[in-house]
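Proteins come first, then strands; the chains are lettered A, B, ... in the order of their sequence lines, and each starts at number 1. Since the structure is predicted, the reported quantities are computational estimates derived from the model, not experimental observations.
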Amino acid sequence: MVDSMNKNIETNGVRSSISDNPLIDCQDVDVYYGDKQALYSVCLGINEKEVTSLIGPSGCGKSTFLRCLNRMNDVIDTCSITGCIKINGEDIYDPNIDVVELRSRIGMVFQKPNPFPKSVFDNVAYGPRLHGRIIEKADMSNKVEESLVRAGLWDEIKDRLNEPGTSLSGGQQQRLCIARAIAVDPQIILMDEPCSALDPIATAKIEELIDELKAKYTIVIVTHSMQQAARVSQRTAFFHLGSLIEVGDTENIFRSPENEQTEAYVTGRYG
Amino acid sequence: MVDSMNKNIETNGVRSSISDNPLIDCQDVDVYYGDKQALYSVCLGINEKEVTSLIGPSGCGKSTFLRCLNRMNDVIDTCSITGCIKINGEDIYDPNIDVVELRSRIGMVFQKPNPFPKSVFDNVAYGPRLHGRIIEKADMSNKVEESLVRAGLWDEIKDRLNEPGTSLSGGQQQRLCIARAIAVDPQIILMDEPCSALDPIATAKIEELIDELKAKYTIVIVTHSMQQAARVSQRTAFFHLGSLIEVGDTENIFRSPENEQTEAYVTGRYG
Amino acid sequence: FIFFVFSIVAVLTTFGIILSLIFETIRFFSQVSFIEFLFGTHWSPQTAIREDQVGSSGSFGAIPIFTGTLLITSISMLIAVPLGLYSAIYLSQYARPKVRNYFKPILEILAGIPTVVYGFFAALSVGPFIRSLGESFGLTVSTESALAAGLVMGIMIIPYVSSLSDDVMSAVPESLRDGSLALGATKSETIRKVVFPAALPGIVGAILLAISRAIGETMIVVMAAGLAANLTANPLSAVTTVTVQIVTLLVGDQEFDSPKTLAAFALGLVLFFITLALNILAMMTVRKYRERYE
Amino acid sequence: MTEHIVSSYDDDLKEISDGLITMGAEVLGALKNVEMILENNDHNLAQEIIKNDLLINDLGQSVESKVFNILASRQPMAIDLRIVFSAVKMSLYLERCGDMCKGISNRILKGDLNDAQSPDTINHLVNMCIRVHSNLKLVMDDYAKKECKNSMKVWESDSEIDSLYSAILMEILNSIKANPEAIEALVPLLFIARYLERVGDQATNVAEETYFVVTGEDLEGQEKTEVENETTF
Amino acid sequence: MTEHIVSSYDDDLKEISDGLITMGAEVLGALKNVEMILENNDHNLAQEIIKNDLLINDLGQSVESKVFNILASRQPMAIDLRIVFSAVKMSLYLERCGDMCKGISNRILKGDLNDAQSPDTINHLVNMCIRVHSNLKLVMDDYAKKECKNSMKVWESDSEIDSLYSAILMEILNSIKANPEAIEALVPLLFIARYLERVGDQATNVAEETYFVVTGEDLEGQEKTEVENETTF
Amino acid sequence: MNKTIRQLTLKRQFAEKRFKFYGQASLFLALIMLVVIISSMTYRSIPAFTNYGLNLNINLSQNNIDKDNINYRRLIRENIFLLDSGCEDRKCRREFSRLFSSGAAYELKDSLENDPSLLKKDFRKFILFSDDADLFYKFGIDKNLPENERRLSDREISWLSDFQEAGLVEKRFSTNFFTNGDSREPEIAGVLGAVVGSLYTILITLIISFPIGVLSAIYLESFAKKNRLTDFIEVNINNLAAVPSIVFGLLGLALFINFFGMPRSAPLVGGCVLSLMTLPVIIIATRASLQAVPPSIREAALAMGASEMQVVFQHLFPAALPGILTGTIIGLARAFGESAPLLLIGMVAFVVDIPGSVTDPATALPVQVYLWADSPERAFVAKTSAATLVLIFLLIVINLAAVILRKKYQLKW
Ligand SMILES: Nc1ncnc2c1ncn2[C@@H]1O[C@H](COP(=O)(O)OP(=O)(O)OP(=O)(O)O)[C@@H](O)[C@H]1O
Ligand SMILES: Nc1ncnc2c1ncn2[C@@H]1O[C@H](COP(=O)(O)OP(=O)(O)OP(=O)(O)O)[C@@H](O)[C@H]1O
Ligand SMILES: [Mg+2]
Ligand SMILES: [Mg+2]
Ligand SMILES: O=P([O-])([O-])[O-]
């Protein structure tokens with residue numbers, strides 16, 4: 001058996017730096033809401049098939065950053081963004097990029113579970129249908145089953161596929177939303193405080209699910225709980241007042257962050 | 001210096017049992033909402049000038065029990081209560097008891113800060129005016145100042161007595177509510193999750209305030225956070241499914257509760 | 001784009017109203033002096049049948065109309081405000097939810113009954129009733145008394161006051177009520193000292209809207225109030241209102257250039273601006289209230 | 001106790017507990033080896049013990065690291081907190097036991113047990129080792145089962161080991177007095193006795209921790225016995 | 001570091017830190033006394049050390065209890081967690097130091113230092129004691145200031161103490177060989193040396209913990225030196 | 001001190017009881033009013049649902065009538081005077097025939113055209129009395145009044161009494177009321193024309209205001225950028241909702257009739273005016289129900305890669321539909337009961353025929369009520385009351401539809 005404490009410290013040099021070829025690569029991202037700047041030249045790389053968590057005090061721009069990654073900020077009129085975000089080396093703010101196609105490659109899960117008021121089946125089938133990916137009925141059933149299985153929901157609700165998605169419990173709804181996101185085979189899943197509306201049991205299930213999903217997807221999760229970041233993520237980025245203050249190995253961030261502000265926030269000294 | 005760990009264990013026999021003459025003495029309290037029983041023969045003594053916290057999973061009847069103590073349950077039509085609750089040896093459900101007078105002896109602080117949409121001054125003066133206790137203007141000013149001082153709010157808002165209470169920050173509002181409760185010189189203060197709507201800083205201030213108040217008042221506090229109970233209270237009562245499962249020294253409850261269910265809840269094993 | 005055009009329809013309507021009213025009004029004031037209209041105390045728009053008849057232009061002093069409107073509106077508010085408010089208080093604060101769920105819609109039926117029905121009721125039952133009642137006290141009461149119209153209109157307005165007041169009082173957070181009760185206040189003290197003041201802006205808004213309703217109400221007054229433009233504050237006598245005059249001036253065949261017809265438009269413009277002002281005021285107070293609790 | 005809502009929390013806790021149990025097993029193995037070395041003067045086995053101590057240290061570090069992580073990411077309470085809290089101390093105690101075994105091995109490797117020419121003393125040491133081994137085994141079994149059946153017994157029987165130690169000490173002193181030239185071979189025995197006595201002490205420490213984990217209370221009168229223990233010459 | 005939002009949290013943490021610092025001060029006082037005893041053969045002072053050890057144990061227990069409470073009621077992270085986590089180990093180390101001093105006192109009380117008739121050895125012991133004292137003082141000062149200026153130095157200089165110990169050991173063995181009858185008076189010196197060496201080891205342990213608290217990292221190559229240390233005869 | 005507090009407490013408890021009583025009393029009063037109105041209408045309308053008539057022998061077997069050229073009026077008259085009227089002079093005869101409804105001829109015409117075989121037969125025909133005679137049977141008459149102040153002379157009264165003794169008088173349910181258009185004769189006046197007119201008007205209102213209202217609400221809610229213009233539009237719409245209905249009448253008069261030259265009295269114009277009035281109601285209701293759809297649904301769909309259009313028509317609109325429909329129905333119900341603006345655009349004409357298209361002159365039910373209420377004939381009082389009942393009944397039906405719709409399709413979030 002190897003000493004895990006030491007191992008992490010030894011391997012820090014490798015893991016905590018952005019890998020040479022991060023899946024998502026943000027350079028000098030500034031975001032403005034009207035005149036108000038919400039993000040200040042954020043540079044952050046996100047590794048493939050890892051869970052990266054974004055932490056920081058309320059209003060520090062975590063959600064804003066997350067929503068830049070699938071261009072959900074386009075929806076807000078006042079929001080403008082400069083800088084460069086590359087996914088797979090492709091600049092997603094390039095005018096030639098098709099936003100719809102981009103979003104189909106990036107799943108998103110929100111703070112409040114938001115299943116459509118349709119049946120469970122239709123919820124999951126929504127994405128594939130939308131993008132015309134799957135037309136055959138049998139294929140669709142398979143896809144739906146596969147997604148629900150992967151979201152750890154199949155066994156619980158396989159007999160209730162025709163009930164409305166909104167009739168499920170909160171935790172099930174959230175997993176249904178994850179299944180819906182998975183159904184379009186995204187490469188990346190963004191999660192904005194996915195457990196903050198859930199009770200501890202449902203939270204635990206989602207956390208376990210995240211742990212399983214990271215084998216196949218790159219996950220970026222916003223959380224307000226340092227503990228949750230510690231439990232689910234490999235890398236953690238700390239935001240403060242719109243700036244990225246520190247990013248590194250999760251274990252390092254909660255054992256001994258390098259930045260004073262990070263330490264102040266993590267230890268509850270942030271006023 | 002004395003070994004504090006051992007001391008507590010040694011003195012357990014004395015402190016964890018209900019003192020011979022508890023200020024509040026509940027015997028076999030059953031509460032029904034319509035046909036639904038919410039409390040099952042709760043027997044609990046609450047010592048004077050101590051902080052007693054009530055913990056338990058959601059819906060276990062903590063708030064219900066708390067609201068029995070100042071007969072706030074009378075407001076709910078369907079609610080009926082049997083058993084005996086004595087305060088200072090006087091049965092508060094005796095038909096001869098004047099509820100209005102009873103409530104003026106028992107302050108209550110709610111989950112969400114609820115200052116009246118009046119000025120800060122009028123908020124605090126509301127109770128004394130209502131009960132016709134204080135008529136002189138100067139006396140009232142003194143009373144208001146005294147209450148605000150005791151609630152640790154005077155220095156912050158002494159220049160803003162004429163602003164509406166709702167214009168204060170959340171934490172200040174909650175302390176204003178405490179000041180309002182104090183202003184009628186209650187013997188007991190009931191608090192129903194007083195910090196759950198507040199941020200950490202405000203929570204800390206309220207917790208410190210509770211610590212000071214216990215020198216003068218008997219405090220019963222409902223909290224969903226075991227940690228908070230550990231921080232502020234001397235005795236802790238654990239409710240589950242409407243029954244009082246265990247009551248004892250706070251330190252004991254979180255070091256080694258006697259009951260399996262308590263331990264399960266406290267350690268996060270409650271399903 | 002189609003969407004945009006459609007949404008403009010509403011604006012166009014408003015402009016249509018204003019323009020057509022103003023246009024006709026200007027024509028009216030080219031024939032009748034503005035001062036006379038606003039401050040004249042004599043109203044008899046009956047112009048001669050033939051153009052060349054002497055005194056062909058009637059007199060257009062609108063003050064009696066305005067005071068008549070005011071009188072009837074006041075009477076209706078005197079009925080509606082206390083009844084509506086106390087009903088709202090009872091429903092929102094005392095009644096059990098079941099009772100409330102029953103009685104609130106029933107009360108709202110009052111607002112759903114077409115006004116023509118009220119008018120008929122006022123003219124047929126209330127007017128004569130009041131007259132006979134008054135006569136039994138030795139008073140001379142006109143069948144078409146302001147009181148009858150005002151009374152019935154008051155009944156019609158009750159739900160306008162109570163419904164919105166009920167809503168705003170129910171919207172006062174439960175926690176405020178609990179806070180007051182826990183301090184040892186009785187229920188009525190809580191309502192009077194906490195709930196009511198907290199809901200006041202909303203209630204004022206409701207009352208303003210009700211007033212604007214009452215002023216613009218047509219059928220009841222057309223059917224139950226008189227045509228005689230009396231300048232009086234006696235609720236037992238017959239008065240006339242802006243809306244009544246508009247209807248009487250315009251029903252039947254009109255020539256679009258006689259001052260009689262055009263006077264209706266001038267009255268309409270006044271009506272429009274008064275209600276507009278009241279609505280905006282009401283909207284502002286209600287919005288202020290919303291801001292406080294959202 | 002039932003399982004946690006969060007099964008990964010159970011896993012984390014189990015890893016800590018298992019880590020300590022493995023450490024205990026390793027230490028017990030080392031003690032067994034010490035016994036055999038004393039009996040057979042087996043230098044290879046001594047080498048192995050020394051090598052194994054590295055493993056025990058690693059295990060200890062890993063337990064500590066896990067404790068740190070669990071404290072950071074969960075909020076252990078009551079029984080869980082007792083397990084986590086005690087784990088730090090237990091791992092120190094067991095590491096120390098490993099160190100002692102290594103110390104014994106080192107002493108033995110320095111010379112030749114036969115040089116001491118006091119088979120009686122060595123037999124007594126073997127005896128002592130067996131007693132210590134049995135004590136530690138009892139408490140580690142208790143810990144694994146989260147019971148405290150034997151803790152009290154072990155804790156009390158430590159004084160017997162102390163007596164054994166005193167006796168062996170006197171024996172060795174007498175041997176030295178009788179044969180001062182053999183002192184280089186005899187002093188190691190003295191240290192071995194001392195080490196074994198300390199392992200026994202650690203067993204009582206572990207017993208105390210187990211008792212705390214299981215009951216949430218401290219074994220009483222702890223200091224008093226320790227004082228006695230120290231006064232043995 | 002700035003203060004916590006919750007000042008009572010700061011207080012709790014400070015209590016722990018202060019508890020350890022007090023313990024350190026007590027242990028240092030005891031070491032100073034040991035030095036004086038060795039110089040003056042002062043039995044009264046020895047009694048006092050033994051009495052004081054109870055206090056040190058109490059302090060240790062109180063620190064542990066506070067650590068337990070803070071873990072239960074707060075959720076320490078990063079620097080705070082490091083302080084709390086290390087406090088358990090530090091308190092064990094310092095307690096052990098206290099025990100050692102008590103052990104020394106006991107040994108001294110059993111006989112008379114003068115019986116050993118080896119003033120040189122005693123002088124060397126005093127020297128060693130001074131070295132150990134200075135090391136422990138350095139690291140406790142570091143800890144109090146939450147620095148690690150001296151930790152490394154102390155940690156490295158432990159091998160010097162080990163050499164001192166080896167030398168004294170040889171001296172005593174030679175004395176015994178020279179005068180086997182004085183063995184009853186000389187063996188205590190042997191144990192005293194051993195105790196002092198162990199206190200030195202604890203000082204390095206404390207140094208490691210301080211280093212961890214301050215930097216969040218472990219002092220490297222720890223095992224290697226410890227192995228060397230153990231091989232000293 | 002204690003005593004004063006005790007007194008104070010008593011006073012406070014009394015105030016409490018009084019306050020609660022006020023509330024109960026107000027509610028009770030308001031409800032009583034409702035009951036009074038409804039019941040007085042019902043009570044007064046009862047006579048309108050029955051008619052008295054005479055079973056008259058019509059003898060056609062003797063007469064040889066020219067099939068294509070029948071004077072029904074004469075036929076009736078001839079047969080009437082087979083009864084024992086005891087009249088000699090013309091005046092008396094005219095008085096006698098005035099006892100019968102002038103509509104009798106039309107009814108005879110109808111039945112003969114339906115069944116030509118009757119032309120060769122003797123048969124009995126139910127002939128309606130005129131309103132005054134009808135009222136005599138229903139309420140009697142105050143004979144103490146001087147004859148010239150009465151509606152019926154002594155002679156007429158004696159005829160009517162004779163009919164009754166002869167057993168010729170019969171009371172029948174008044175189907176006329178539901179199948180006829182308006183008439184000057186109360187006994188044959190019906191509401192069908194007005195109801196049809198109302199329905200046409202509402203139809204026009206629905207066709208115009210629903211699409212415009214819904215689409216502009218969707219625009220404002222989903223696509224419009226927040227700027228001065230949309231703010232202005234919003235304030236405007238809120239205001240329009242509270243503008244008195246009569247002002248819309250003025251607009252209709254000036255705009256549609258005077259400016260565009262549309263026909264007066266037509267449901268088309270009425271519908272246009274009412275749709276302007278209903279529009280803000282629909283817009284507000286639609287926006288409210290669109291707003292009630294949680295924004296998270298929109299975000300979810302967008303994040304799945306749906307376009308704005310898809311979001312609106314796949315998610316927002318279906319989810320808001322029940323609310324939109326309810327709002328629309330309520331708006332229409334208001335328009336249905338509206339009369340003031342219709343008065344101004346001339347839908348007060350006396351229209352006997354049942355309108356066949358939206359451009360035919362027509363009246364609306366509420367206006368009909370107004371018209372009848374203004375009529376001098378006493379018999380119209382009952383008719384008016386009955387018409388209000390029909391109006392209220394139709395409104396209840398409409399509103400129930402809204403309630404049921406809401407109950408059935410309302411989504412829970
Ligand atoms: N639509 C918007 N228009 C204007 N400002 C906005 C908008 N959304 C966010 N902001 C501002 O941008 C800043 C960052 O907001 P963001 O939502 O990203 O914070 P956050 O870190 O996610 O906070 P939280 O933890 O509360 O979710 C905040 O100051 C916020 O007020
Ligand atoms: N007004 C009420 N009418 C009917 N049942 C009620 C009412 N208030 C509470 N209950 C029921 O009584 C039980 C106890 O409720 P109570 O509010 O005391 O729980 P609690 O322990 O305070 O929970 P929480 O932590 O969520 O506040 C619950 O099952 C709840 O559903
Ligand atoms: Mg956010
Ligand atoms: Mg509660
Ligand atoms: O510190 P010890 O060597 O006696 O365990």
Side-chain angles (χ1 to χ4, degrees), chain B residues 63 66-67 69-78 98-119 122-133 164-167 173-174 176-186 188-192 197, chain C residues 88-104 164-165 167-206 284-294:
Chain B
S63 303
L66 195 74
R67 294 165 64 95
L69 300 182
N70 66 343
R71 295 188 56 177
M72 275 300 276
N73 281 335
D74 292 11
V75 177
I76 300 164
D77 296 321
T78 55
D98 178 15
V99 183
V100 163
E101 193 272 336
L102 173 77
R103 291 200 190 129
S104 77
R105 276 190 290 139
I106 304 177
M108 188 159 189
V109 178
F110 298 82
Q111 185 164 0
K112 249 190 85 224
N114 56 355
F116 302 133
K118 302 169 182 281
S119 73
D122 287 344
N123 260 288
V124 182
Y126 183 84
R129 262 188 208 141
L130 201 65
H131 301 294
R133 294 258 174 89
T166 41
S167 69
Q173 286 188 16
Q174 195 63 297
L176 176 60
C177 292
I178 294 177
R180 185 176 67 186
I182 292 175
V184 286
D185 293 319
I188 301 164
I189 303 180
L190 310 176
M191 302 185 171
D192 195 351
Chain C
I89 285 172
Y90 182 75
L91 283 179
S92 68
Q93 309 294 319
Y94 283 100
R96 270 175 286 132
K98 235 182 176 169
V99 175
R100 181 167 184 250
N101 289 342
Y102 259 108
F103 281 103
K104 207 178 171 200
L164 199 55
S165 306
D167 288 345
V168 291
M169 280 195 279
S170 307
V172 171
E174 189 74 36
S175 60
L176 281 188
R177 235 164 293 153
D178 282 353
S180 172
L181 289 177
L183 279 170
T186 65
K187 212 158 176 176
S188 65
E189 283 164 342
T190 302
I191 294 166
R192 274 182 287 134
K193 296 188 177 161
V194 176
V195 177
F196 191 76
L200 195 59
I203 290 171
V204 168
M284 271 167 18
T285 44
V286 173
R287 185 173 296 172
K288 202 172 105 202
Y289 170 82
R290 292 246 160 82
E291 271 162 14
R292 187 165 340 153
Y293 287 110
E294 275 166 18

>> Below 4.5 Å, heavy-atom pairs only: which of B:E101, B:R105, B:K118 has the largest tally toward chain C?
In response: B:K118
> With B:Y126, which residues qualify under ring pair (Phe, Tyr, Trp, His ring centres under 6.0 Å), at least two apart?
Replying inline: B:F116
> Where is the tightest heavy-atom contact between C:T285 and C:G205, given as atom of each residue plus distance?
Replying inline: OG1-CA, 3.5 Å
> Minimum heavy-atom separation for B:V99 to B:D74, with atom names?
Replying inline: CG2-OD2, 4.0 Å
>> To the closest 0.5 Å, what do you measure between CD1 (C:I191) and CZ (C:R177)?
In response: 8.0 Å
> What residue, out of B:R180, B:M108, B:K112, has the most heavy-atom pairs lying under 4.5 Å from chain C?
Replying inline: B:R180
> Between CG of B:L176 and CG of B:N123, what distance do you get to the nearest 0.5 Å?
Replying inline: 4.5 Å
> From B:S104 OG over to B:D98 CG, what is the distance, rounded to the nearest 0.5 angstrom?
Replying inline: 8.0 Å
> Which region of B:R71, side chain (C-beta onward) or backbone (N, CA, C, O), has a non-hydrogen atom less than 4.5 Å from a non-hydrogen atom of chain C, or is it both or neither?
Replying inline: neither
> B:P164 versus chain C, heavy atoms under 4.5 Å apart: side chain, backbone, both or neither?
Replying inline: neither
> When only heavy atoms count and the cut-off is under 4.5 Å, which of residues 91-101 of chain C reach chain B?
Replying inline: C:R96
>> Using a 6.0 Å cut-off, check whether atom NZ of C:K104 has over 12 heavy atoms from anything other than its own residue.
In response: yes
> Salt bridge check: are B:R129 and B:D122 linked by an N-O gap of less than 4.0 Å?
Replying inline: yes
> Which answer fits C:K187, side chain, backbone, both or neither, if we ask what part of it has an atom under 4.5 Å from a heavy atom of chain B?
Replying inline: neither
>> Rounded at 0.5 Å granularity, tell me how far CD in B:Q173 sits from OG in B:S167.
In response: 8.0 Å
> In terms of heavy-atom proximity below 4.5 Å to chain C, should B:I106 be classed as side chain, backbone, both, or neither?
Replying inline: backbone
